2 protein chains.
Amino acid sequence: MMADDHTEAEALEPEARPADPRAEAFQGVREARRNELAEDYVELIAELIHEHGEARPVEIATKMGVTAPTVAKTLGRLARDGLITRAKYRSVFLTEEGRALARECQQRHEIVLRFLLSLGLDPETAERDAEGIEHHVSERTLALFAAFADRS
Amino acid sequence: MMADDHTEAEALEPEARPADPRAEAFQGVREARRNELAEDYVELIAELIHEHGEARPVEIATKMGVTAPTVAKTLGRLARDGLITRAKYRSVFLTEEGRALARECQQRHEIVLRFLLSLGLDPETAERDAEGIEHHVSERTLALFAAFADRS
DNA sequence: GATGATTATTAGCCTTGTCTAACTTGTCGC
DNA sequence: GCGACAAGTTAGACAAGGCTAATAATCATC
Ligand SMILES: [Mn+2]
Ligand SMILES: [Mn+2]
Ligand SMILES: [Mn+2]
Ligand SMILES: [Mn+2]
């Protein structure tokens with residue numbers, strides 16, 4: 001056994017699909033994309049709880065710029081994934097896991113924002129770009145952003 | 001006519017939905033998200049044509065890290081949207097519009113990548129982060145990135 | 001404590017983007 | 001020119017994420 005591999009020069013990693021270096025990058029981006037919505041939601045929910053004491057779907061809908069049914073369906077997925085808890089017709093709470101994710105997202109958001117501002121970007125554009133960029137910044141990049149923003 | 005607006009102090013923009021400032025940011029990000037895939041595809045197709053003289057679905061699939069049927073369906077949408085042309089069982093071509101978008105994406109990608117590298121990021125991480133970040137960078141931010149990368 | 005407005009949910013539709021399985025076409029060697 | 005194998009397409013499933021329309025619960029307020 002264990003002698004039927006690489007007749008030529010492949011089958012080294014136990015990865016899924018060939019995985020050309022570029023393909024890996026795209027797969028990573030697709031992975032990040034799958035978490036964007038959850039990240040934005042838990043971040044917003046944490047903020048609403050902090051500011052208003054509670055997070056109500058109507059407020060989430062307003063701040064996210066989507067309709068109430070969209071929020072309801074998304075909250076269903078977040079609950080399924082263990083990030084929030086909720087009772088019918090009541091406001092939303094973060095689980096421990098949700099709180100941890102929210103904290104992480106808030107920090108990341110803040111670092112990316114500070115970084116863009118320190119580059120000289122106007123606040124509105126910075127906020128808008130940060131909202132998109134934050135989900136695609138690796139730990140390593142984030143560290144560089146933080147360092148740059150600090151020394152500025 | 002035209003006298004039934006703003007009883008209090010609203011209805012100023014002919015926008016869709018209230019649009020709290022944050023909501024606008026999220027809507028902008030969602031908009032950007034809708035174009036990500038098309039951008040990555042036309043960029044890759046342009047590159048394949050440049051390097052190999054033609055862009056074949058099998059190569060697109062490998063480089064994007066997805067299966068052939070996924071590519072087929074996506075190419076269908078790109079054709080519908082006027083970015084490419086194709087004949088059955090033949091390779092893919094960019095329309096004028098597709099070429100214009102590809103050029104823009106290539107430039108953006110290159111600037112974001114150079115910027116990350118000039119910050120001190122390793123090439124692999126830089127490539128990966130650039131692949132995600134490029135779609136969420138405004139013109140203004142891009143200009144700052146380019147300036148920073150140049151003076152470095 | 002009835003009732004009307006606000007908030008929340010449910011049902012159902014649509015598009016995108018991914019996959020597997022099965023089939024068709026094209027191409028290259030002989 | 002034929003046959004294998006590679007490449008491409010089609011069919012169909014499924015989840016996410018958006019929407020509208022209709023229904024249900026909550027709450028304020030009288
Ligand atoms: Mn965001
Ligand atoms: Mn954010
Ligand atoms: Mn990309
Ligand atoms: Mn790119």
Side-chain angles (χ1 to χ4, degrees), chain A residues 8 16-19 23-24 26-42 44-45 48 52-81 83-93 132 135, chain B residues 16-19 23-24 26-42 44-45 48 52-81 83-93 131-132 135:
Chain A
E8 300 298 319
R17 217 175 302 281
E24 268 176 46
F26 281 125
Q27 284 168 342
V29 173
R30 280 199 297 276
E31 167 71 18
R33 241 173 247 166
R34 272 197 299 280
N35 301 312
E36 286 187 53
L37 204 60
E39 292 177 355
D40 285 336
Y41 267 73
V42 297
L44 176 56
I45 290 167
L48 290 175
H52 297 79
E54 62 176 0
R56 330 270 263 68
V58 67
E59 188 96 358
I60 297 173
T62 302
K63 292 282 204 292
M64 293 286 300
V66 296
T67 61
T70 295
V71 169
K73 202 179 276 191
T74 304
L75 292 179
R77 283 191 297 269
L78 296 183
R80 180 201 61 191
D81 297 343
L83 295 170
I84 66 170
T85 58
R86 61 181 185 146
K88 264 195 182 180
Y89 295 98
R90 312 305 289 275
S91 58
V92 178
F93 300 92
H135 311 283
Chain B
R17 218 175 300 281
E24 268 176 47
F26 281 125
Q27 284 167 343
V29 173
R30 280 198 298 275
E31 166 72 19
R33 245 173 244 167
R34 272 197 300 279
N35 301 307
E36 286 187 53
L37 203 60
E39 291 176 355
D40 285 336
Y41 267 74
V42 297
L44 176 57
I45 290 167
L48 290 175
H52 298 79
E54 63 176 359
R56 301 176 118 312
V58 67
E59 189 95 359
I60 298 174
T62 302
K63 291 281 205 290
M64 294 284 302
V66 296
T67 61
T70 295
V71 170
K73 201 178 276 192
T74 303
L75 292 179
R77 282 192 298 269
L78 296 182
R80 181 201 61 191
D81 296 343
L83 294 171
I84 66 170
T85 58
R86 59 182 188 145
K88 264 196 183 181
Y89 296 98
R90 313 302 290 276
S91 59
V92 177
F93 300 92
E131 202 56 77
H135 311 283

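Residue numbers start from 1 in every chain, and the chains themselves are labelled A, B, ... in the order their sequence lines are given, proteins ahead of strands. In this text, all values refer to a predicted model and were calculated from it rather than measured experimentally.
- Counting any heavy atom pair closer than 4.0 Å across all strands shown, R56(B) reaches sugar-phosphate atoms only and no base atom.
- One atom, CG of L78(B), and another, C1' of dT16(C), lie 12 Å apart when rounded to the nearest Å.
- When the side-chain nitrogen and oxygen atoms of T67(B) are compared with OP1 and OP2 of dC19(C), one or more of them lie within a distance under 4.0 Å.
- E39(B) has its CD atom 12 Å from the P atom of dG17(C), to the nearest Å.
- The shortest distance between the side-chain N/O atoms of R90(A) and the OP1/OP2 oxygens of dA25(D) is not below 4.0 Å.
- Note on R34(B) versus D81(B): no salt bridge recorded, every NZ/NE/NH1/NH2 to OD/OE distance being 4.0 Å or above.
- Side-chain atoms of E54(B) never come within 3.5 Å of backbone atoms of S91(B) as a donor-acceptor pair (strictly under, hydrogens ignored).
- Minimum atom distance to the side chain of Y89(B) is reached by dT24(C), of the listed dT20(C), dT26(D), dT24(C).
- Checking dA8(C), dT9(D), dG17(D) against the side-chain heavy atoms of P57(B) singles out dT9(D) as nearest.
- If you measure from atom CD1 of I84(A) to atom P of dA8(C), you get 13 Å, rounded to the nearest angstrom.
- Spacing between atom CE of M64(B) and atom P of dG8(D) amounts to 16 Å, rounded to whole angstrom units.
- A straight line from CD1 of I60(B) to P of dA6(D) spans 20 Å, rounded to a whole angstrom.
- Taking side-chain N and O atoms only, T70(A) has no distance below 4.0 Å to OP1 or OP2 of dG17(D).
- Atom CG of L75(A) and atom P of dT10(C) are 12 Å apart (whole Å).
- For residues 28-35 of chain B, proximity to DNA chain D is found at R30(B), defined as any non-hydrogen atom under 4.0 angstrom from a strand atom.
- Each of dG17(D), dT10(C), dG17(C) was ranked by its minimum atom distance to the side chain of K88(A); first place goes to dT10(C).
- Proximity note for P69(B) (side chain, C-beta onward) versus dG17(C), dT20(D), dA11(D): the nearest is dA11(D).
- The two residues Y41(B) and I60(B) make their nearest non-hydrogen contact at CE2-CG2, 3.7 Å.
- The CD1 atom of I84(A) sits 4.5 Å away from atom CG of L75(A), with the distance rounded to the nearest 0.5 Å.
- A straight line from CZ of F26(A) to P of dG17(C) spans 14 Å, rounded to a whole angstrom.
- The shortest non-hydrogen separation linking V29(A) to G132(B) is CG2-N, 3.7 Å.
- Nearest-nucleotide mapping onto DNA chain C: of A72(A) and D81(B), the residue sitting toward the 5' end is A72(A).
- In plain terms, the two heavy atoms of A38(B) and L83(B) that are nearest each other are CB-CD1, 4.1 Å.
- Judged purely by atom type and a 3.5 angstrom limit, E39(A) has no side-chain atom pairing as donor or acceptor with the backbone of H135(A).
- Summarising the geometry, the separation between NZ on K63(B) and P on dA7(D) is reported as 13 Å, rounded to the nearest angstrom.
- Residue K73(B) places no side-chain atom within donor-acceptor reach of the base of dT16(C), judged by atom type and a 3.5 Å distance cut-off alone.
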Show your working on side chain to side chain contact (heavy atoms under 4.5 Å, CB included) between Q27(A) and E31(A) and close with a plain yes or no. CA-CA 6 Å; Q27(A) 284 168 342; E31(A) 167 71 18; over 6 Å; no
